[in-house]
Amino acid sequence: MEELKMHSPNITQENIFRIRDLFPGCVTEIKGQDGRLKLAVDFDQLRQELSESIVEGPQERYHLNWPGKREALLTANATVEKTLRPYRGESASFDETKNLFIEGDNLEVLKLLQEAYLGKVGVIYIDPPYNTGSDFIYRDNFTSEAASYKRQSNQVDDSGNRLVANADTNGRFHSDWLSMIYMRIRLARNLLRDNGVIFISIDDHEVSNLKAVCDEVFGSRQLIGIFKWNRTSKAPTLSPKIRGKFEYVLCYEKADVFRLRGPESYNEAAPLFNSGNPPTRIRFEAQNVHFHFADGLYKQGEYGKGDKVVILHDDITVKDGKNQDPFEMTARFKWSQKTVNARISEGQQLFFKTAKFATMYYSLETGGDKFIAPSDLLSQDECGVLRNDEGYSEIKALFDDVAVFDYVKPVSLIEYLVRMVDDKESIVLDFFAGSGTTADAVLKLNAKDGGHRRFILVQLPEPCSAASPAAQIGLSNIADLCKERIRRAGERHLANECHPDWNKDVGFRTLKVDTSNMADVYYRPDALEKNSLDLIVENIKHGRTSEDLLFQVMLDWGIDLALPIAKQAIQGRDVFLVDGNALAACFDSHCGVDEDFVKELAKVQPLRAVFRDAGFKDSSVKINVEQIFKLLSPATEVKCI
């Protein structure tokens with residue numbers, strides 16, 4: 001029985017809980033005056049979260065630190081003056097699909113998606129560089145102040161590269177990798193739903209550091225577990241110390257509301273005995289256990305043999321399928337007496353199937369599909385997850401026996417991880433897309449169970465070597481390889497037998513990171529020269545299309561980039577209608593938008609409307625636009641670019 005607190009609530013601690021929900025990495029543990037650990041705010045870290053410059057702090061505390069961490073945090077929080085441009089010719093079913101393929105630096109992409117997908121992603125899976133000493137990592141812009149980063153954010157390095165080798169001879173070998181992964185995981189957390197989950201593949205080079213980073217970003221309480229993936233049947237024979245067969249998949253939830261879906265092998269029930277546990281004695285009160293065999297008197301004694309022996313300490317009288325009196329039993333139980341009592345009070349059903357009493361069962365959840373929690377072992381025997389050689393064979397078969405990629409995760413691994421999230425409508429994000437295995441897995445899973453999961457893949461267009469098999473078949477970079485893999489995988493899944501409820505969406509919209517559509521004057525008017533007044537009149541960069549502008553507006557307004565887009569003519573002017581009435585956009589620059597057109601557009605009752613500055617007939621029309629919408633469509637939010 002818990003003691004009464006006998007004091008008012010600790011408001012300080014409650015406030016710290018609120019800060020922890022917003023900034024998990026800013027709350028740490030300290031020892032109080034009574035010697036007990038309690039939560040406390042890391043004010044240095046909180047100041048850094050809220051600052052646009054590097055904040056120094058000498059205070060010692062328990063946390064992960066490395067050279068460049070503050071610069072990494074500053075870079076993660078800095079804005080990026082870029083946008084996403086649509087490429088219909090490199091897409092598949094652009095107008096119908098709900099899937100996205102985004103080509104560019106994933107740090108910039110994660111920043112650009114912060115509005116449109118904040119708190120909307122159900123599953124994140126990433127397979128980042130493992131930092132083995134031969135991996136490539138992103139060259140990120142570290143700078144001493146946010147303004148400096150903003151000036152550099154539209155540039156690459158002098159060689160035009162975004163990836164650099166991180167050799168183990170580098171003095172910042174671990175630090176560079178930590179900074180790279182830290183920024184991306186911080187931004188990715190914002191995109192997860194409250195009941196969202198992230199899976200991260202890693203090997204033993206950085207597994208401890210990755211866990212420390214995730215503990216800081218998500219909070220250590222949000223670790224669901226660390227899965228061990230049996231990646232190979234034959235460990236490398238040349239290893240001088242240990243021949244490793246396993247890699248790891250770290251799993252974190254955003255909030256403490258998540259339950260992973262494991263196998264359905266038990267369907268209705270799961271055993272309450274575990275042969276690996278020591279024998280314990282449990283008491284069951286009258287009417288608390290169900291018996292799926294004949295009523296009658298069953299004598300005390302031993303049942304079973306060896307480590308499966310159970311001992312009934314009392315005779316059991318069964319009537320109407322339930323025990324009429326209390327009884328005690330010794331067996332290798334999964335649960336303690338306290339857990340048994342708590343589960344029964346919550347309505348959990350316990351039962352025996354046979355009078356041999358060799359195994360006791362508990363009922364799984366009622367309603368919908370029944371399942372148990374997954375094991376932490378990802379293997380073929382345990383859950384049908386294949387090894388890396390099968391992944392290699394899968395992609396080779398897709399590309400007509402051409403080995404376009406050397407190291408590929410098997411589709412079954414990511415399929416099993418995504419399936420753990422019991423939601424067939426989830427958005428699945430992978431911002432280290434590689435060969436596109438995640439998209440393949442999502443399509444395969446949807447085809448099997450009729451789900452409508454959507455994927456968002458992000459991949460840098462890293463060049464393929466001219467001598468590589470991929471380049472030999474016309475794939476010049478990894479992004480192109482990934483897109484081609486999705487096309488071929490989609491065709492394969494459509495050709496196979498599929499679930500009748502599947503919508504057969506195997507397409508994707510291709511978007512690419514590019515500089516803003518707005519001319520530089522739009523962002524930096526102080527840089528104007530005296531003879532540049534023409535830029536004020538036309539604030540859109542030359543060569544940018546109306547559809548380019550539409551996607552930038554959707555990004556800025558936080559609108560899902562996969563919503564259906566229709567193009568309609570209203571009084572001779574082209575109007576984009578996103579998802580019916582989510583957004584109405586007219587970007588014609590010389591059409592002379594007048595009040596009659598605005599009134600006609602207002603009849604659509606859009607939630608948002610946007611016009612191009614240069615498109616108005618005169619300044620009076622621009623001034624009256626908001627008043628017209630207030631009169632005819634008062635719920636519409638109106639903007640100009």
Side-chain angles (χ1 to χ4, degrees), residues 1-3 223-228 256-384 420 422:
M1 182 180 296
E2 295 184 357
E3 297 180 355
L223 173 66
I224 293 179
I226 301 177
F227 294 97
K228 277 77 71 177
D256 193 16
V257 296
F258 200 81
R259 182 185 174 193
L260 291 179
R261 175 195 184 101
E264 299 174 356
S265 56
Y266 299 116
N267 195 18
E268 299 291 337
L272 190 56
F273 296 165
N274 186 342
S275 60
N277 290 351
T280 55
R281 184 164 173 161
I282 301 289
R283 175 181 172 87
F284 300 92
E285 301 300 332
Q287 303 290 318
N288 276 355
V289 179
H290 297 256
F291 297 80
H292 294 181
F293 46 84
D295 289 352
L297 178 66
Y298 295 88
K299 292 290 189 178
Q300 65 180 25
E302 289 190 3
Y303 294 80
K305 296 180 180 180
D307 61 355
K308 294 184 179 180
V309 68
V310 298
I311 302 173
L312 288 179
H313 297 285
D314 306 282
D315 293 347
I316 300 178
T317 299
V318 178
K319 183 179 179 182
D320 297 327
K322 291 186 177 180
N323 58 307
Q324 298 303 296
D325 302 295
F327 70 92
E328 295 188 9
M329 183 177 189
T330 295
R332 298 177 183 272
F333 288 101
K334 284 183 179 179
W335 299 342
S336 65
Q337 180 75 67
K338 181 179 179 180
T339 302
V340 167
N341 294 344
R343 292 291 183 91
I344 291 175
S345 68
E346 294 169 357
Q348 178 73 69
Q349 287 192 7
L350 307 178
F351 62 92
F352 291 100
K353 289 184 177 181
T354 71
K356 295 180 179 180
F357 298 102
T359 303
M360 192 176 195
Y361 296 86
Y362 63 95
S363 298
L364 298 176
E365 289 188 359
T366 59
D369 295 331
K370 299 179 178 67
F371 56 89
I372 60 175
S375 162
D376 62 354
L377 178 62
L378 303 174
S379 67
Q380 186 169 6
D381 293 338
E382 186 84 9
C383 52
M420 285 185 189
D422 194 29

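Just so you know, these numbers come straight off a predicted model, no measurement behind them.
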Please report the interatomic distance [atom1]([X]) to [atom2]([Y]), rounded to the nearest 0.5 Å.
X      : Y      : atom1 : atom2 : answer
Leu272 : Phe352 : CG    : CZ    : 8.5 Å
Ile316 : Tyr298 : CD1   : OH    : 9.5 Å
Ser345 : Asn288 : OG    : CG    : 9.5 Å
Lys338 : Trp335 : NZ    : CH2   : 15.0 Å
Asn323 : Thr317 : CG    : OG1   : 9.0 Å
Lys334 : Tyr362 : NZ    : OH    : 4.0 Å

Side-chain heavy atoms of [X] within contact of [Y], under 4.5 Å:
X      : Y      : value
Asp314 : Asp325 : no
Glu285 : Arg283 : yes
Thr280 : Ser336 : no
Thr330 : Val310 : no
Glu328 : Phe284 : no
Arg281 : Met329 : no
Tyr303 : Leu312 : yes
Gln348 : Ser363 : yes

Say whether, by atom type as modelled, one donor and one acceptor occur between the side chain of [X] and the main chain of [Y] under 3.5 angstrom.
X      : Y      : value
Gln324 : Gln287 : no
Glu302 : Val309 : no
Asn277 : Phe333 : yes
Asp315 : Gln300 : yes
Arg261 : Asp422 : no
Lys322 : Ala286 : no

Plane angle bin for Tyr361 and Phe351 - parallel if under 30°, tilted between 30 and 60°, otherwise perpendicular: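 Because their plane-to-plane angle is under 30°, the rings of Phe351 and Tyr361 count as parallel.
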
Test side chain to side chain contact (heavy atoms under 4.5 Å, CB included) applied to Arg332 and Asn274, step by step: CA-CA 6 Å; Arg332 298 177 183 272; Asn274 186 342; 5.7 Å; no

Quiz item: cation-pi between Lys308 and Phe273, 6.0 Å / 45°: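 The answer is no, since Lys308 fails at least one limit relative to Phe273.
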
Electrostatic pair Asp295-Lys319, nearest N-O below 4.0 angstrom: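 Lys319 and Asp295: not salt-bridged.
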
Minimum heavy-atom distance Ser375-Phe227, with the two atoms named: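 Minimum heavy-atom contact is O-CE2, 3.3 Å.
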
